[in-house]
There are 4 protein chains.
Amino acid sequence: MTAEPPVPATSNTAGEPAQRRRRDAAETRQLLLDAARQRFARDGYAATTVRDIADDAGVNVALISRYFTSKEGLFEACLRAAGDELRRTTGQTPADRVPEAIARHIADLGAAGLSSQLSLLLRSSGDAGADEIRRGVLVRSSEQLAAARGWRPGEPDSEQLLLRAQMALAAGIGVAVLRSSIRLEPLSSATEQDLVGPLRDLVDALLPPR
Amino acid sequence: MTAEPPVPATSNTAGEPAQRRRRDAAETRQLLLDAARQRFARDGYAATTVRDIADDAGVNVALISRYFTSKEGLFEACLRAAGDELRRTTGQTPADRVPEAIARHIADLGAAGLSSQLSLLLRSSGDAGADEIRRGVLVRSSEQLAAARGWRPGEPDSEQLLLRAQMALAAGIGVAVLRSSIRLEPLSSATEQDLVGPLRDLVDALLPPR
Amino acid sequence: MTAEPPVPATSNTAGEPAQRRRRDAAETRQLLLDAARQRFARDGYAATTVRDIADDAGVNVALISRYFTSKEGLFEACLRAAGDELRRTTGQTPADRVPEAIARHIADLGAAGLSSQLSLLLRSSGDAGADEIRRGVLVRSSEQLAAARGWRPGEPDSEQLLLRAQMALAAGIGVAVLRSSIRLEPLSSATEQDLVGPLRDLVDALLPPR
Amino acid sequence: MTAEPPVPATSNTAGEPAQRRRRDAAETRQLLLDAARQRFARDGYAATTVRDIADDAGVNVALISRYFTSKEGLFEACLRAAGDELRRTTGQTPADRVPEAIARHIADLGAAGLSSQLSLLLRSSGDAGADEIRRGVLVRSSEQLAAARGWRPGEPDSEQLLLRAQMALAAGIGVAVLRSSIRLEPLSSATEQDLVGPLRDLVDALLPPR
DNA sequence: TATGAATGAGAATTCATTCAT
DNA sequence: GATGAATGAATTCTCATTCAT
């Protein structure tokens, strides 16, 4: 519906005949990846057709097979990308700025779609490979989150802290989904400013700063 | 093929002959509803086939059309049932027992599947009718949750409080999904005892008891 | 092209509205099997589409999946049927009538399609399961053929005799294909009468009667 | 991807630098032709993809279009080549050596693939042009075979003799296919020595030397 | 009421072929 | 001459739904 129209790399200022055929493999791949991430996050795996994705990206359907082997392969690539993005947020943030970082992540509903990256992590394709990737991403992120608040593997109460970190992650993801997929009001139209306070309370309550 | 139908929720108290139960419209309906709720919650709407559901319920596929008109109709019925259940939890609970109630709800991974009721609320069918029902359920639940902590429509800061209630709800749903669908460890095997403490911290932080 | 029009079981004498829906599972299965055998024999596995077969049979495509799981499954069922038919010819024939039996088999270009059964044995689907079935059919048939001329497993010259039986079988199949698929003239329009003499010479030369 | 191209049929006598061979239209053409003949003979027309052939030949797919216009065109070229080869065998052989020539032809399972040339003649592409070529090849070959045993067009019994020649040809082709495509044992691992005796019996029985 | 046969729409994937470089 | 990106036309299979019994 509100799909971003495919913007050709070469700016198409004049009213030239809508030249298809970009002939840039890397860019085509990325266009597909972006379109897929949004569709998968918004509609779920099964409800998304490869044709939807290809149309959003403005490229031919067959290129999905070419670049990602299959719909599954494309989904896994999306998960990996979302994992990288999430790791960047939870990993490179000083302990006391974590809530802000999460808030920023959640709030970003833009085309870049950090929020949709989060929602994506709840979507299942039924494929074992994808499930494994997703669990890996979530485990690593929750460990980074816990580590930011003093968690060390093997220590006493280590398990407890990790559990709380996973709940904080779950909360963040839940908020992202209710905002971007379900569009629950007033949550859906809350700004980053609106979110950061409650999120700070939430994170600090689960993972008290030392 | 003729998979043994799962024992219906309503306990079969009387000493009736073991395999009666045929030709009972109400029971058939309930069997389908129970099977559908679990499938939809676990696998999502699009990934669930009506044949899966009918097989789980031990009844013929065509009866789904008969009793619920369509797959959409069955899904909406599931949402309504989940809404009723959720309303019972968030509505009939005194303010200071809300975290315990949520914890109980989330922890219940049994066949009855309170946890799956929560997960269900994140599942989308792409159908506008179902979306509306879901939003209704979530809005009402968050309002009840907020009301338990003193929210009244129209008052100053009313919006703020509702937003926080929705975030608490989102957190609960997020935890339910990570437990039941994603099976993230150690969250997935945490007991109700393990969950209630962190959840109390979380809810109290978002919605401070007055 | 020259596909036998699907004859409904219930004779359709009057000009009734071309009633689809036969509702007879066994018959539907057989209709598909017959249509498939002819198509596969004539055009080969890969060149035959399931839609062709279903149209020839006058039934819906989806029923191929229902009754035979897949195109592969249907092909294997055809091979098995061809094997049964062939075994009947080479197995239940007294030694000195073998050439006549083969001639009759090859000559039968009718709808029943004994000739197409033979051609089928040369068609490959690329599927390992089908290849195994085919080899089994051919081995058994050549053993029966050899046995009719005195072959016994393990005896001296046993291998030699089996080899000759396989060559006789190969000759029969080759003739069937050149007649029915390639339509090479004058071979293609030769009658059973025309074929039986040369075939007798051929078989007797390879497998001298004792 | 860049699979080592099979050594071209034409022996590379001179001591040229090992990996020249790029940019030689004639050689590229031949590489494609050799690869195609083997694939088509082994897997059939429809089951063979142009990409398979190009990969086997170690050249780019698009060159098939360039040199042979289309997949059909390549197939027809293969048929023509097989016809030339076959004509050489059946045409330039004195009457009493025909069985040996056929045996040699059938026995040759090497990369050059005389046997695969024979199998190829049974493969159909569904294209009328190819069918015509194939029939032409087979008719001419059977006429040559018959002529070696005294056949002259128009003479009495001329038709009879031609029919018998076609059956001998069919037998040869049948044996080739059962050996190379079906891999029926013990026929498949029989040597030229094993084959020549039975083949002599077969040919002499069908086409008695005068 | 219940069942299984039948159907048509739609989805993923493969593939020959055409272009732009 | 050669390459690899792109395309559109199939093709197989799945699935919700409808009918006849």
Side-chain angles (χ1 to χ4, degrees), chain A residues 19-29 46-54 58-74, chain B residues 1-2 22-25 28 46-54 59-74, chain C residues 19-29 46-54 58-74, chain D residues 1-2 22-25 27-29 46-54 59-74:
Chain A
Q19 58 175 108
R20 266 291 85 77
R21 299 229 188 182
R22 243 168 309 255
R23 301 245 155 211
D24 179 336
E27 187 192 5
T28 298
R29 230 192 93 99
T48 299
T49 75
V50 290
R51 198 147 252 126
D52 288 339
I53 297 172
V59 308
N60 186 283
V61 218
L63 296 180
I64 290 180
S65 299
R66 193 193 215 313
Y67 291 119
F68 301 96
T69 312
S70 67
K71 188 187 179 187
E72 283 288 355
L74 176 53
Chain B
M1 298 293 169
T2 51
R22 301 287 84 165
R23 316 264 149 176
D24 178 337
T28 297
T48 299
T49 75
V50 289
R51 210 149 236 125
D52 287 340
I53 297 172
V59 307
N60 186 280
V61 213
L63 298 182
I64 290 179
S65 300
R66 184 189 261 300
Y67 290 123
F68 300 95
T69 310
S70 68
K71 188 187 181 187
E72 285 288 357
L74 176 53
Chain C
Q19 55 174 108
R20 263 293 84 75
R21 296 224 191 189
R22 244 168 309 254
R23 301 248 156 209
D24 179 336
E27 187 191 3
T28 299
R29 231 191 93 100
T48 299
T49 76
V50 289
R51 197 148 254 126
D52 289 340
I53 297 172
V59 308
N60 187 282
V61 218
L63 297 180
I64 289 179
S65 299
R66 194 193 215 311
Y67 292 120
F68 300 95
T69 311
S70 68
K71 187 187 180 187
E72 284 287 358
L74 176 54
Chain D
M1 298 290 169
T2 51
R22 300 289 85 166
R23 316 265 149 175
D24 178 337
E27 187 180 11
T28 297
R29 234 191 89 100
T48 299
T49 74
V50 290
R51 211 148 234 126
D52 288 339
I53 296 171
V59 308
N60 187 280
V61 213
L63 297 182
I64 289 179
S65 299
R66 185 189 261 299
Y67 290 123
F68 300 94
T69 311
S70 68
K71 189 188 180 186
E72 284 289 356
L74 177 52

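Not measured: the values here are computed from a predicted model. Below, chain A is the first sequence line, B the second, and so on; all start at residue 1.
Shortest non-hydrogen contact noted between B/Ala46 and A/Ala46 is CB-CB, 3.3 Å.
Over its length, the helix from E/dA2-F/dT21 to E/dT21-F/dA2 turns its helix axis by 10°, as judged from the five terminal pairs at each end, rounded to 10°.
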Return the polar atom pairs (N/O with N/O) between nucleotides 13-15 of chain F and the protein under 3.5 Å, or none.
residue	atom	partner	partner atom	Å
F/dC13	OP2	C/Lys71	N	3.0

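Residue C/Arg66 places none of its side-chain N or O atoms closer than 4.0 Å to OP1 or OP2 of E/dA6. A close approach under 4.0 Å does occur between a side-chain nitrogen or oxygen of A/Thr28 and OP1 or OP2 of F/dA6.
Taking atom CZ on B/Phe68 and atom C1' on F/dA16, their separation rounds to 16 Å, with Å as the unit. Between D/Asp52 atom CG and E/dT14 atom C1' the separation is 12 Å, expressed in whole Å. Here E/dT1 presents its P atom at 11 Å from CG of B/Asp24, a figure rounded to the nearest Å. As a whole-Å value, the separation of A/Leu63 CG from F/dG4 C1' is 12 Å.
Checked against F/dA6, F/dT3, F/dG1, the side chain of A/Tyr67 finds its nearest nucleotide in F/dA6.
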Indicate every side-chain donor-acceptor pair of residues 60-73 of chain B with a distance under 3.5 Å to a residue at least two apart or in another chain.
residue	atom	partner	partner atom	Å
B/Asn60	OD1	B/Ala62	N	2.8
B/Ser70	OG	B/Glu72	N	3.3
B/Ser70	OG	B/Gly73	N	3.1
B/Lys71	NZ	B/Tyr45	O	3.2
B/Lys71	NZ	B/Thr48	O	2.8
B/Glu72	OE1	B/Ser125	OG	3.2

